[in-house]
Amino acid sequence: MEIGYYPGCALHGSSNDYEMSVRACLAALGVRLRELDDWICCGATAAHSLNRKLAVALPARNLGLAERDGMHEVLAPCPMCSMQLMKARCLLSADAALQDEISAIVEVEVRGTTRICNLIQIFQQVGYERIRDAAVQRLEACRPACYYGCLLTRPPGVVQFDDCEHPTSMETLLSELGAAPVEWNYKTECCGAGMTMANEATILELGHRILSNAAAHGANCLVVACPMCHVNLDMKQAAVNQRFAAAHDMVVYYLSDLVGLALGLAPAALGIPRHFVVRK
Amino acid sequence: MTTPASNPPAGEFEPKIVAYVCNWCTYLGADLAGTNRLEYPANVRIIRLPCTGRIDFNLIVKAFEIGADAVLVSGCHPGDCHYTSGNYHARRRWILFRELLATLGIETGRVHFAWISAAEGKKFQQVISEITSQTRDLGPYRAYREICEICEV
Amino acid sequence: MARIGVFTCWCGENIARNVDVQSVAEQAAHLPGVRCSRVHKYMCSDPGQKLIRDTIAAEQLDGVVIASCSPHMHLKTFRKAAEHTGLNPYLVEMANIREHCSWVHPERARATAKAVDLIRVAVAKVRHNRALEPIQVPVTRKALVIGGGVAGIQAALDIADAGVPVTLVEREPSIGGKMAGLSETFPTLDCSQCILTPRMVEVAQHPNITLYTCSEVEQVAGYVGNFQVTIRKRARYIDIDKCTGCGQCWNVCPSKKTPSEFDYGLGTRTAIYAPFPQAVPARPVIDRDACLRLTKGRCGLCVKKCQAGAIRFEDQDELVGENVGAIIVATGYQLYEIGKPGEPGRIAGYGEYGYGRYPDVISSLQFERLVSASGPTGGEIRRPSDGAIPKTVVFISCVGSRDNAKGLSYCSKICCMVNAKHTMLYKHKVHDGQAHVFYMDIRAGGKNYDEFVRRAIEQDGAHYHRGRVSKITQEDGRLIVRGVDTLAGEPLTIAADLVVLAAAMRPAAGVEELAQKVNVSYDEFGFLCESHPKLRPVETNAAGVFVCGACQGPKDIPESVTQASAAAGKVLLMFSRDRLYREPEIAHVQESACAGCFTCRRGCPYHAIDSAEIRDRQGQLVRRVARVNPGLCMGCGTCVALCLSKSIDLEGSSEQQVYAMVESLR
């Protein structure tokens with residue numbers, strides 16, 4: 001199976017452990033990733049705060065590149081990227097005049113025909129049972145709290161994935177692999193996203209609540225599918241402990257980490273040792 | 001209009017407009033325009049039908065044949081037809097018939113379609129006023145009558 | 001040779017101010033077919049009508065045109081006047097020279113010219129009018145009521161009390177509907193069952209009512225006054241005549257785990273069960289999916305215990321036919337299913353409230369069962385999770401209603417009153433409890449309704465917070481309700497022991513299939529459509545079919561009862577004469593020209609066109625032609641426009657009439 005691949009700025013930047021993880025895991029499942037040639041930033045939070053047209057044009061160029069290169073489906077592992085790409089696609093596919101206008105701006109033809117997927121959707125396409133059958137070890141000791149954050153399932157009209165208020169797609173997959181996901185209260189609560197630098201106090205407060213609730217419900221690790229969430233919960237965990245005199249010791253895995261481990265890949269191949277909080 | 005009293009002063013063209021309207025919506029809308037004393041040009045002549053679904057499009061051609069300069073078909077809004085679906089039939093027929101009329105060389109710009117409900121007296125006034133002034137600008141519709149004269153119909 | 005009389009009205013000043021009535025009358029006299037032309041100041045007045053009558057007689061008129069106001073105003077008046085002289089009323093037409101002329105055209109010359117044209121059109125039409133007689137349709141003086149809730153019960157009793165036989169069909173094993181499961185009703189806090197049960201018993205005992213429970217309407221054929229209905233009586237497995245209702249059977253039934261429908265899943269019931277103690281009929285029924293004998297061939301304890309020999313495992317569904325003249329649909333409502341995956345196109349509902357995950361988040365009907373003395377907790381308000389008495393209860397309004405994202409844009413009307421009622425019932429039972437209500441607006445528009453809500457707040461201490469709830473989570477056995485108080489301008493978090501969701505009212509399941517069987521239209525929510533929302537709220541566009549109660553739209557008990565009596569009144573009106581009289585301006589087929597393509601039948605909104613067989617003298621089938629059912633045709637004329645051979649025509653707007661009208665404008 002081959003799909004288009006849009007890493008986005010985070011995966012090529014400070015979260016390249018997530019890229020390692022995604023590439024290794026999907027390779028082990030026989031999914032070939034074809035990276036978009038000359039892709040640009042999706043605009044993230046900055047673009048739509050400043051200029052609506054820019055917020056459409058930036059992701060639109062990437063959609064145009066995918067169309068040009070004949071890719072019907074593109075994986076964007078970062079939910080902010082995938083959401084911006086999906087939003088641009090929604091607006092374009094319904095509006096021929098906008099397609100023409102944006103195509104002129106981004107200098108490549110865009111019709112909004114490419115389907116954008118997040119990481120969990122790729123696993124669904126491969127098939128949870130196939131993944132289970134390919135697994136060489138069960139995740140018996142794992143009691144993850146699956147954390148979706150804001151953007152994987154919302155806005156529901158754009159993303160159209162899972163139950164937007166009470167998603168369960170990660171839990172289902174991990175249960176198939178032998179883990180025991182916990183039922184907890186902060187699945188879709190915000191981690192603070194891009195305020196890591198600008199408003200650290202809020203990030204720490206939100207992170208503290210998330211980590212506390214996960215622990216209170218018996219989780220021994222957190223699973224995320226977003227590089228921003230990972231940064232806020234993993235890299236900032238020490239700061240949370242310091243601010244709140246807490247003793248959080250929660251490993252934060254990417255979903256592809258756990259799937260990769262189940263498939264028998266070494267932690268190093270998945271970039272796990274690069275996390276800040278490691279398993280003792 | 002053949003009565004002498006209605007001939008306009010020489011040089012001023014007054015269009016003849018035939019309106020096929022449904023009894024339950026547009027006719028009552030026209031009544032409401034009357035009750036509210038909303039004035040509009042006196043060029044229109046209403047033919048009352050139970051429903052726009054009754055309108056066979058030969059009636060439109062007939063109207064041009066007797067000298068109409070514009071024709072209006074008006075009924076209930078989609079979804080509100082007194083007989084449930086008559087207006088949908090009329091609308092569908094119009095979509096097909098428009099192509100045919102255009103192919104035959106009839107000026108489809110002189111055929112107007114409207115949805116005017118029993119509560120829309122004002123809209124009736126506006127639609128009639130607009131059509132009348134548009135048709136005045138288009139001028140008299142001679143083409144159909146000329147063909148009839150040539151064929152001695 | 002036509003002898004048409006034209007009568008032009010001054011209408012006081014209304015017409016005469018802008019139309020030269022004298023000139024109009026003079027010009028009308030010269031129109032082809034016109035015998036005489038008269039004027040009068042007020043044509044609709046007694047002297048005006050006398051003028052018409054006298055002229056018809058004197059001039060032996062065979063057609064009349066009244067040039068005055070709108071036909072919607074006085075066509076019936078003038079047709080009656082003509083009838084009195086022996087002239088067929090359908091030979092009278094009107095030219096609207098008031099609403100369409102004098103009132104809107106101030107220029108006298110042009111208004112006068114238009115008036116003459118309008119009369120010309122009317123005269124051209126009337127020359128082709130035919131004398132028509134109203135159509136008579138025989139009536140079977142028997143009614144069918146579908147649905148045995150409070151609306152169906154009321155309608156059935158009203159009709160039966162008038163001496164007309166009624167068949168009442170109810171899908172559940174007992175009548176009573178949702179009202180039978182309520183504890184108390186607003187605004188009086190009457191015990192619901194106390195006021196309903198006597199009615200239910202009356203239905204069962206009424207000599208004019210035939211009651212079918214565990215039954216559904218399978219098929220409806222025919223038309224107004226003459227419906228043939230097929231009813232499926234599902235197997236009950238009990239002979240209700242032999243059964244004494246002693247209860248020995250359900251006391252020994254070993255299959256006890258089925259969630260109780262009557263308790264909305266809060267309690268369980270046995271496989272052989274009576275739905276509730278006051279059920280009518282007061283007889284049990286066997287759930288064929290839960291019964292060990294019916295599914296696995298084992299057990300049979302109930303048969304051993306039954307001293308009346310009333311249990312019949314060999315029961316089958318039975319089909320019964322009934323002929324009725326009118327049908328009333330009263331199928332009621334169900335609650336919006338919170339938390340279940342949404343229908344296609346609608347977003348799945350309220351996963352953030354935890355309904356279905358947290359046992360202590362329940363619906364309003366479930367709360368009614370908790371409060372109800374015959375409920376799963378004997379009327380004590382106890383939490384489903386641990387049976388503890390909740391000290392803090394949160395009620396949330398508008399769950400599903402007024403929510404475009406969930407696809408239910410409407411207000412369910414009763415929930416504000418239900419919430420107020422629940423806070424009061426709660427407080428009356430748990431004196432140290434505290435009720436909170438999260439609301440958007442308070443809708444309490446009935447008699448004593450607003451006072452009722454004030455009582456809940458002022459006397460029973462309910463706290464009302466204007467705002468919505470964003471999320472409910474569970475922490476240490478309590479429900480953490482996160483909402484907002486918009487009047488205080490602050491987020492508000494309440495730790496509750498029990499949360500009650502006021503879910504939206506939707507029409508009962510299966511209503512769409514039933515509506516198609518009786519040819520009634522329904523809106524995008526499934527509510528059945530009335531003929532006119534203001535003036536004809538219980539009739540439908542299917543002649544002979546009426547609606548009442550919550551199936552037509554969300555409403556409370558007083559309104560359901562009112563509509564039920566209204567529908568019954570309409571039925572009795574229909575039955576007040578031996579025959580139904582319908583307007584004769586309907587379609588008819590010239591069978592010799594009809595090719596039997598049935599394009600007309602496909603386009604008819606009323607399914608009023610049938611296929612008829614033409615047979616020769618030997619009984620051999622020659623061909624099939626279309627035939628209009630005079631009992632159903634509503635006279636829209638869609639068929640006339642569709643007919644490829646112009647074999648079908650419409651009285652009152654025939655091809656000849658319409659073409660003559662247009663031609664007269666040449």
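Each chain gets a letter, A, B and so on, in the order the sequences are listed, and its residues count up from 1.
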| Hey, which of C636(C), P605(C), G637(C) has the most heavy atom pairs under 4.5 Å with chain B? | C636(C)
| Using 4.0 Å as the upper bound for N to carboxylate O, is an ion pair formed by R17(C) and E13(C)? | yes
| Top of A33(B), G67(B), A30(B), A63(B) for chain C proximity - count of heavy-atom pairs under 4.5 angstrom | A30(B)
| message | Is it the case that the side chains of Y606(C) and N629(C) hold a donor-acceptor pair, with the cut-off being a distance below 3.5 Å and no angle test? | response | no
| Got a sec, which residues hit ring pair (Phe, Tyr, Trp, His ring centres under 6.0 Å) with W10(C), two or more places apart in sequence or on another chain? | none
| Which residues, numbered in order, of residues 105-121 of chain B come under 4.5 angstrom of chain C by heavy-atom distance? | none
| Okay, side chain of R582(C), backbone of P630(C): is any donor-acceptor separation there less than 3.5 Å? | yes
| Which region of E585(C), side chain (C-beta onward) or backbone (N, CA, C, O), has a non-hydrogen atom less than 4.5 Å from a non-hydrogen atom of chain B, or is it both or neither? | neither
| Which bit of L59(B) comes within less than 4.5 Å of chain C, counting heavy atoms only: side chain, backbone, both or neither? | both
| query | When heavy-atom pairs shorter than 4.5 Å are enumerated against chain B, which of V658(C), L118(C), V121(C) gives the highest number? | reply | V658(C)
| said: Between K114(C) (side chain only) and V44(B) (backbone N and O only), is there a donor and an acceptor less than 3.5 Å apart? | reply: yes
| field | No-hydrogen, no-angle side-chain donor-acceptor test under 3.5 Å, Q657(C) and S654(C) | value | yes
| message | Taking ring pair (Phe, Tyr, Trp, His ring centres under 6.0 Å) as the cut-off, I'd like each qualifying pair that reaches into residues 35-63 of chain B, sequence neighbours left out, listed once. | response | Y40(B)-F124(B), Y40(B)-H105(C), F57(B)-F97(B)
| request: Applying salt bridge (Lys or Arg N to Asp or Glu O under 4.0 Å), run through E655(C) and R54(B) and close with a yes or a no. | output: CA-CA 10 Å; E655(C) 289 281 90; R54(B) 170 69 181 84; 3.0 Å; yes
| message | For chain B, which candidate among P71(C), S531(C), S102(C) shows the most heavy-atom pairs at distances under 4.5 Å? | response | P71(C)
| field | Side-chain donor-acceptor contact under 3.5 Å, D31(B) with N96(C) | value | yes
| said: Please rank C51(B), G86(B), A90(B) by heavy-atom pairs under 4.5 Å with chain C and give me the top one. | reply: C51(B)
| remark: Heavy-atom nearest pair, N14(C) first then R98(C), reads CB-CD, 4.1 Å
| query | Would you call R45(B) and D117(C) a salt bridge, taking side-chain N to carboxylate O under 4.0 Å as the test? | reply | yes
| field | Distance-only side-chain donor-acceptor flag, H72(C) / N23(B), under 3.5 Å | value | yes
| query | Non-hydrogen atoms of chain C under 4.5 Å away: do they reach the side chain of N58(B), the backbone, both or neither? | reply | both
| Can you check whether V92(C)'s main-chain N or O pairs, donor with acceptor, with R79(C)'s side chain at less than 3.5 Å? | yes
| note | Applying a strict 4.5 Å limit to non-hydrogen atoms, the region of V662(C) in contact with chain B is both
| Taking only heavy atoms into account, what residues of residues 641-651 of chain C are found under 4.5 Å from chain B? | A641(C), L642(C), K646(C), D649(C), L650(C)
| said: We want to know whether K123(B) and Q126(B) form a side-chain donor-acceptor pair, criterion being a heavy-atom distance below 3.5 angstrom. | reply: no
